[in-house]
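These notes concern the structure reproduced below.
This one's a predicted model, so the numbers in the text were calculated from it and none came from an experiment.
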Amino acid sequence: MRLGARFWKVQLWGWGAYALAGYVLSIPNLEHGGTKEHLFVIGLKLVRSLLGLGISLTMARVLSRLWARRAPAWVLGTVGLTLSSLLAVVWLGLLRWSFGLVPVFHPAFTHDALNCTIVLLAWSALFLGNAYRLDLEAERERALRALSLATEARWQMLRYQVNPHFLFNALNSIRALVDEEPGRARQMITELADFFRYSLLETREREVPLGEELRAIRSYLEIQRIRFEERLRVTFDVGPGAEGARLPGFLIHPLVENAVKHGLDSQKGPLELRIRASRQGDTLEVEVANTGSWREPTSRPESTGTGLANVRERLEHAYPGRHRFTVGADGGWVRASLHVELARREAA
């Protein structure tokens, strides 16, 4: 344990206060004394404190080494008591010798030595108590740092699960059109480039405005519209203020991707897709609805259920206790609804 600037500051203030307290307590005994007696007592108290400061530094080095070696409490207590007793004698002996108070071992020496021992014991207790507090703070900081790193790693893993999935589907769509309709393939590449722009923005910032995500979703849906032509019909309904709400990137995209993929698989006719976002104060609601039928991911052999599980985990990470996410069928529509309570700084 290092004796830093804070240790020295506390030492100087502490021993200075000790000298002042000693002088104040001696004033009643100096009522009939002159200036010479007062100066003598002031000098005595100052020297006593300076000697105490030097002796406490010796104790600090010994105790700090034992603490660094994780010595048991009984060892620290025994060493503290032994050092306090021995150094109290040295402290008092040096004080009497420096002021020519002979004989050094006055009959009241034992009483004075006991007082010095108590002072050094109190100092030792404060020193060890502070060392324990510093260790607790350091351990707490290490634990919080480890938790932060683990949480960040988990968040990054969840985020990066989405990008390859979308890019794989997009590239497959482009490959299918390269020979048959190169013009549409070029347009899809342009839309994919817009998506990459959003992807780069999202990797720089942990949270992005919903409007940015919706623009990336439009690029994705344009790619799908070129591929499926009249089979895909999309409607956006975005209320005032909703686009400015900040959410973790790629949070809404998996819902749209699921709606397109499983909506087209579950019906033969055109797929109606509706994306709605509204905001009231610090509450944001987003709904992705599509026509068709709903089947649990476990009932579809081709589905791993990663997309919805990803959304749930990221919501739990970003908005613990402040979100609601539901997926289900209602009147011929499959609805994925997201309800989030934004941070106060966003709601302002």
Side-chain angles (χ1 to χ4, degrees), residues 162 165-166 169-170 173 187-188 191-192 194-195 198 202 208-297 299-300 302-303 305-312 314-315 318-319 323-342:
V162 180
H165 190 201
F166 167 70
N169 289 339
S173 300
Q187 184 179 353
M188 291 178 71
E191 298 295 344
L192 188 59
D194 289 340
F195 175 83
Y198 169 71
E202 193 271 338
V208 296
L210 177 62
E212 290 287 338
E213 175 120 0
L214 292 179
R215 279 189 281 276
I217 288 173
R218 291 178 189 272
S219 296
Y220 165 78
L221 291 174
E222 184 62 23
I223 292 173
Q224 299 295 50
R225 188 191 63 80
I226 294 173
R227 179 183 176 188
F228 295 106
E229 298 181 342
E230 297 301 322
R231 288 197 63 195
L232 180 61
R233 301 171 185 173
V234 182
T235 303
F236 281 86
D237 180 13
V238 182
E243 290 191 351
R246 300 184 70 86
L247 295 173
F250 288 105
L251 185 67
I252 309 301
H253 176 81
L255 306 180
V256 176
E257 189 172 10
N258 272 357
V260 172
K261 178 180 178 181
H262 302 302
L264 289 171
D265 289 344
S266 65
Q267 62 181 18
K268 294 182 179 180
L271 172 67
E272 295 282 345
L273 177 63
R274 297 176 182 174
I275 300 173
R276 183 182 63 84
S278 62
R279 177 175 178 177
Q280 293 184 353
D282 60 349
T283 300
L284 176 70
E285 293 185 7
V286 179
E287 181 183 82
V288 178
N290 64 275
T291 54
S293 58
W294 166 253
R295 290 179 294 169
E296 293 291 337
S299 66
R300 305 188 220 113
E302 76 283 2
S303 175
T306 301
L308 295 182
N310 186 296
V311 171
R312 288 190 176 95
R314 296 185 71 195
L315 283 170
Y319 307 100
H323 73 277
R324 185 173 66 254
F325 178 57
T326 58
V327 181
D330 177 21
W333 288 79
V334 177
R335 305 179 189 274
S337 299
L338 177 65
H339 177 104
V340 171
E341 294 180 14
L342 302 172

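- V340 places none of its side-chain heavy atoms less than 4.5 Å from the side chain of T283.
- Between S278 and L284, the shortest heavy-atom contact is O-CD1, 3.4 Å.
- For E213 (side chain) and L251 (main-chain N/O), a donor-acceptor pair under 3.5 Å exists by modelled atom type.
- Going from atom CG of L315 over to atom CZ of R324 covers 12.0 Å, rounded to the nearest 0.5 Å.
- Atom-to-atom distance recorded for E287:CD and I275:CD1 is 11.0 Å, nearest 0.5 angstrom.
- The CD atom of E243 sits 11.5 Å away from the CZ atom of R279 when rounded to the nearest 0.5 Å.
- Counting all heavy atoms, side chain and backbone alike, L342 lies closest to A245 at CD1-CB, 3.8 Å.
- For the pair V327 and R335, the minimum side-chain heavy-atom distance is 4.5 Å or more.
- A cation-pi geometry, defined here as NZ or CZ lying under 6.0 Å from the six-membered ring centre and within 45° of its normal, holds between R218 and F236.
- Note that CG of L338 is 11.0 Å distant from CZ of R276, once rounded to the nearest 0.5 Å.
- You'll find the side chain of H253 reaches within 4.5 Å of the side chain of Y220, heavy atoms only.
- Counting only distance, with no hydrogens or angles, the side chain of S337 and the backbone of T326 share no donor-acceptor pair below 3.5 Å.
- Distance check: E257 CD to I252 CD1 gives 13.5 Å after rounding to the nearest 0.5 Å.
- A distance of 11.5 Å separates CZ of R274 from CZ of R233, quoted to the nearest 0.5 Å.
- Side-chain contact between V286 and F325: absent, with no pair of heavy atoms (C-beta onward) separated by less than 4.5 Å.
- A heavy-atom distance below 4.5 Å is found between the side chains of I217 and L214.
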